[in-house]
*Asks:* 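Input: one structure, supplied below.
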Amino acid sequence: MTVKERITALRERMKEKKIDAYLVPTDDFHASEYVGEYFKCRKYITGFTGSAGTAVIMQDMAGLWTDGRYFIQAAAQLEGTGVDLFKMGEPGVPTIHQFLEEKLGEGMCLGFDGRTISAKEASELSEALGKKGASLSVDYDLVGEVWEDRPALSCEPVMELDVKWAGESRADKCAKIRKAMEEKGADAFVLTSLDDIAWLLNIRGGDVHCCPVVLSYLVMTQKEIKLFANEKAFPAEVLDALAKDGVTLLPYDSIYEYVKTFAKDMKVLLCKQKANSRLVSNIPAEVEILDEENLTLLPKAIKNPVEVENERIAHIRDGVALTKFIYWLKKNVGKIPMTELSAEEKLYSFRAQQENFIDNSFDPIISYGVHAAINHYSATPETDIPIEPRSFLLADTGGNYYEGTTDTTRTIVMGPVTDEQKKFFTAVLRGMLNLGNAKFRYGCTGVNLDCLARGPLWELGKDFNHGTGHGVGYLLNVHEGPNSVRWKVVPGNNAVLEEGMITSDEPGYYVEDGFGIRHENMIVCKKAEKTEYGQFMCFEFLTMVPFDLDAVVPEQMTAHERELLNNYHAQVYEKISPYLDEDEKAWLKEATRAI
């Protein structure tokens with residue numbers, strides 16, 4: 001069926017259920033950023049393939065809300081579908097809630113699958129629409145009803161992550177969480193976010209593309225841990241190891257009935273922003289819910305010393321692969337056929353040669369020329385274009401290794417570029433270097449530091465429409481809170497920067513139908529000196545990949561910025577060159593020369 005036919009079929013179901021507006025988020029049942037194929041209802045109903053967006057379907061309109069990363073992509077993919085694009089954050093564009101409050105009145109009904117909307121959002125919608133006399137219908141997966149040949153729920157094999165990678169045993173992690181529960185006065189802790197469960201139990205899977213997580217829910221008390229997942233995914237040795245640490249496995253869907261059995265005098269800690277509304281509504285009304293951030297959130301984000309050291313190793317392995325890739329591109333462009341997709345395959349082959357490589361940490365963004373202006377473009381057979389000996393190639397890619405997760409962006413000069421392109425290339429690089437070399441008092445968040453990365457662009461009256469940095473998981477989600485770098489406060493994603501937190505540093509600049517530039521390194525937060533003013537903090541670059549000096553304008557940089565770049569490039573050469581052949585090593589020597 002075409003998108004128009006799918007929406008027509010959905011509208012028929014809505015009529016049958018007396019639903020006036022149907023909300024289709026990107027989420028799975030676990031508030032995941034990226035979701036398995038089974039859960040891609042929004043993609044199915046609108047045709048938009050980006051990782052963030054929400055659809056609203058009514059009888060007389062269909063709309064898609066997405067953010068600045070996807071404006072260009074969404075406009076192209078929605079053309080001719082009858083789905084209107086609502087550019088989130090732009091002047092005059094209502095939020096989804098504002099839109100629904102305006103459109104739904106007395107006696108009308110908003111529908112959604114309650115497993116895909118958080119308890120927090122469902123409560124907000126219920127309150128706002130209740131004032132208008134509108135109601136909610138949360139029990140129907142209407143997109144699922146019209147989805148022909150819907151993929152099955154994933155059931156990929158589960159593995160145990162050895163302590164030499166995790167740095168801390170499952171038993172020790174659970175003991176710490178139980179202590180935190182005791183301090184909060186919680187009798188039970190309900191955990192629904194997949195990366196938190198994988199981190200806590202030291203297990204990894206493959207139920208979300210590029211995210212090594214396991215479809216599951218978890219309930220912890222002081223005496224037991226119940227894991228709700230598909231037993232078929234667990235090898236016998238993993239089940240035995242879990243059982244030794246007091247973990248009992250129950251069927252995945254049985255969580256919804258299990259929470260109904262909570263004793264009425266219990267206090268249950270969960271995060272309503274993460275737990276889905278159907279699960280929370282199944283908890284008896286008499287149970288006291290402690291609505292707080294997941295107790296695993298900060299411990300997961302603050303990497304322990306073993307994890308940090310492993311990440312240094314992962315980034316050297318990844319740096320070798322990326323350096324070989326950049327050398328290959330520059331040596332061969334214009335001499336052999338290459339396209340975005342063939343370059344993507346070549347980079348994967350370089351990563352696959354590295355010890356302990358598992359898979360990509362997200363779908364690679366290899367975007368050439370005008371495609372680089374699309375923040376999160378991913379080449380398809382339909383959009384794939386040749387890479388020619390001119391302009392920029394933007395490569396935003398990452399790998400999952402047993403030693404951790406990487407995420408690196410380099411903008412590579414494929415041939416002649418304009419003075420304007422060089423000016424912005426250098427401005428973005430200056431911002432990346434200045435943020436990565438920041439020193440600041442403990443207590444700062446990414447909001448305090450964001451202007452260091454945007455400053456060189458702001459001086460030119462320019463900016464970019466995405467966050468400057470996000471937290472990164474350890475062999476987990478490539479995007480992980482609560483640490484971030486951005487100029488606007490986002491509730492729940494603006495944590496104080498702690499020693500051990502790993503964050504991306506990735507300013508950019510984009511010209512629609514022209515070119516795109518982004519430079520991205522991973523940075524780990526460390527303690528600097530302590531003075532009478534308190535503890536000072538700094539960052540260490542983890543990423544070890546050269547920046548393309550062919551587009552750097554040294555005169556545009558301060559002496560200090562040139563020194564920062566030269567020092568960084570000296571580190572890259574020292575750490576990466578031992579793993580290169582003689583031709584690659586000679587090229588890297590020149591590519592990391594002092595300016």
Side-chain angles (χ1 to χ4, degrees), residues 3-4 6-29 31 39 41-46 48 52-67 78 81-147 192 256 270-285 289 291 491:
V3 168
K4 285 184 176 179
R6 294 168 187 172
I7 291 174
T8 298
L10 177 61
R11 284 172 172 153
E12 288 301 315
R13 290 292 199 286
M14 290 166 60
K15 281 181 184 176
E16 292 170 11
K17 306 293 187 187
K18 296 182 171 53
I19 291 172
D20 300 286
Y22 197 74
L23 191 64
V24 189
T26 298
D27 291 345
D28 57 12
F29 304 158
F39 297 103
C41 293
R42 187 264 301 151
K43 174 185 172 183
Y44 178 80
I45 208 66
T46 66
F48 169 62
T54 300
V56 175
I57 311 297
M58 301 183 71
Q59 294 299 332
D60 59 352
M61 68 79 63
L64 173 87
W65 279 254
T66 192
D67 62 50
L78 297 179
T81 63
V83 180
D84 298 323
L85 173 60
F86 290 77
K87 297 181 178 181
M88 292 168 59
E90 293 293 286
V93 177
T95 66
I96 296 167
H97 287 208
Q98 288 169 342
F99 178 86
L100 291 171
E101 287 176 47
E102 180 187 336
K103 297 292 184 181
L104 296 178
E106 186 69 38
M108 299 181 77
C109 179
L110 170 68
F112 52 79
D113 181 348
R115 297 169 297 176
T116 65
I117 298 288
S118 74
K120 181 176 185 291
E121 183 174 9
S123 176
E124 291 169 352
L125 285 167
S126 177
E127 183 179 351
L129 295 178
K131 293 175 183 176
K132 302 286 297 292
S135 61
L136 299 184
S137 172
V138 302
D139 294 327
Y140 302 114
D141 176 12
L142 295 188
V143 176
E145 291 183 19
V146 303
W147 190 343
T192 63
Y256 294 96
L270 55 78
C271 178
K272 286 189 175 181
Q273 195 167 357
K274 301 279 179 64
N276 73 59
S277 60
R278 187 180 296 182
L279 188 154
V280 175
S281 66
N282 277 8
I283 296 173
I289 293 179
D291 178 19

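Computed from heavy atoms alone, side chains included, the values below leave out hydrogens, waters and symmetry copies. The first residue in the sequence is number 1, and the count goes up from there.
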*Asks:* With a 3.5 Å distance limit and no angle check, can you tell me whether Asp20 reaches the backbone of Cys109 through a side-chain donor-acceptor pair?
*Replies:* yes

*Asks:* What are the two closest heavy atoms between Val280 and Ala119, and how far apart are they?
*Replies:* CG2-CB, 3.6 Å

*Asks:* Between side-chain atoms of residues 122-137 and protein atoms elsewhere (two or more places apart, or another chain), which donor-acceptor pairs fall under 3.5 Å?
*Replies:*
from, atom 1, to, atom 2, distance (Å)
Glu124, OE2, Lys120, NZ, 2.8
Lys132, NZ, Glu101, O, 2.2
Lys132, NZ, Leu104, O, 3.4

*Asks:* Can you list every ring pair (Phe, Tyr, Trp, His ring centres under 6.0 Å) pair that touches residues 90-110, not counting sequence neighbours?
*Replies:* Trp65-Phe99, Phe86-Phe99

*Asks:* Partners of Phe112 by ring-ring contact (aromatic ring centres under 6.0 Å, His included), sequence neighbours excluded?
*Replies:* none

*Asks:* Are the side chain of Ser277 and the backbone of Gly114 linked by a donor-acceptor contact shorter than 3.5 Å?
*Replies:* yes

*Asks:* How close do Pro25 and Ile117 get, counting heavy atoms only, and between which atoms?
*Replies:* CG-CD1, 3.7 Å

*Asks:* Using distance only, find each side-chain donor-acceptor pair of residues 140-147 under 3.5 Å and give its atom names and separation, not counting sequence neighbours.
*Replies:*
from, atom 1, to, atom 2, distance (Å)
Asp141, OD1, Gly144, N, 3.0
Asp141, OD2, Arg150, NH1, 2.7
Glu145, OE1, Arg13, NE, 3.0

*Asks:* Nearest 0.5 Å please: distance from the OG1 atom of Thr116 over to the CZ atom of Arg42.
*Replies:* 12.0 Å

*Asks:* Would you mind reporting whether Ile7 and Val83 have side-chain heavy atoms less than 4.5 Å apart?
*Replies:* yes

*Asks:* Looking at Gln98 and Pro94, what are the two nearest heavy atoms and their distance?
*Replies:* OE1-CA, 3.3 Å

*Asks:* To check you understand the geometry: which heavy-atom pair defines the closest contact between Asn276 and Tyr256, and what is its length?
*Replies:* ND2-OH, 3.0 Å

*Asks:* Hey, could you give me the CZ/CG distance between Arg115 and Asp28, rounded to the nearest 0.5 Å?
*Replies:* 11.0 Å

*Asks:* Taking all atoms of both residues into account, what is the closest heavy-atom pair of Ile45 and Ala55, and its distance?
*Replies:* CG2-CB, 4.4 Å

*Asks:* Hey, what do you get for CG (Leu85) to OG1 (Thr46), rounding to the nearest 0.5 Å?
*Replies:* 10.5 Å

*Asks:* At what distance, to the nearest 0.5 angstrom, does CD1 of Ile57 lie from CG of Leu64?
*Replies:* 9.0 Å

*Asks:* Please step through side-chain contact (heavy atoms from CB on, under 4.5 Å) for the pair Ile96 and Val56, ending with a clear verdict.
*Replies:* CA-CA 8 Å; Ile96 296 167; Val56 175; 4.0 Å; yes

*Asks:* Would you call Arg278-Asp113 a salt bridge at under 4.0 Å N-O?
*Replies:* yes

*Asks:* How long is the gap from NZ on Lys103 to CG on Leu110, to the nearest 0.5 Å?
*Replies:* 14.5 Å

*Asks:* How would you list, by chain and number, every residue that makes a side-chain contact (heavy atoms from CB on, under 4.5 Å) with Lys4, sequence neighbours excluded?
*Replies:* Thr2

*Asks:* Under the ring-ring contact (aromatic ring centres under 6.0 Å, His included) rule, collect the residues that match up with Phe29, sequence neighbours excluded.
*Replies:* Phe39

*Asks:* Can you measure from OG1 (Thr8) to CD (Gln59) and round to the nearest 0.5 angstrom?
*Replies:* 9.5 Å

*Asks:* If we ignore hydrogens and angles and just use 3.5 Å, is the side chain of Thr26 paired with the main-chain N or O of Gly53 as donor and acceptor?
*Replies:* yes

*Asks:* Counting C-beta onward and ignoring hydrogens, is there a side-chain heavy-atom pair between Lys272 and Ile289 closer than 4.5 Å?
*Replies:* yes

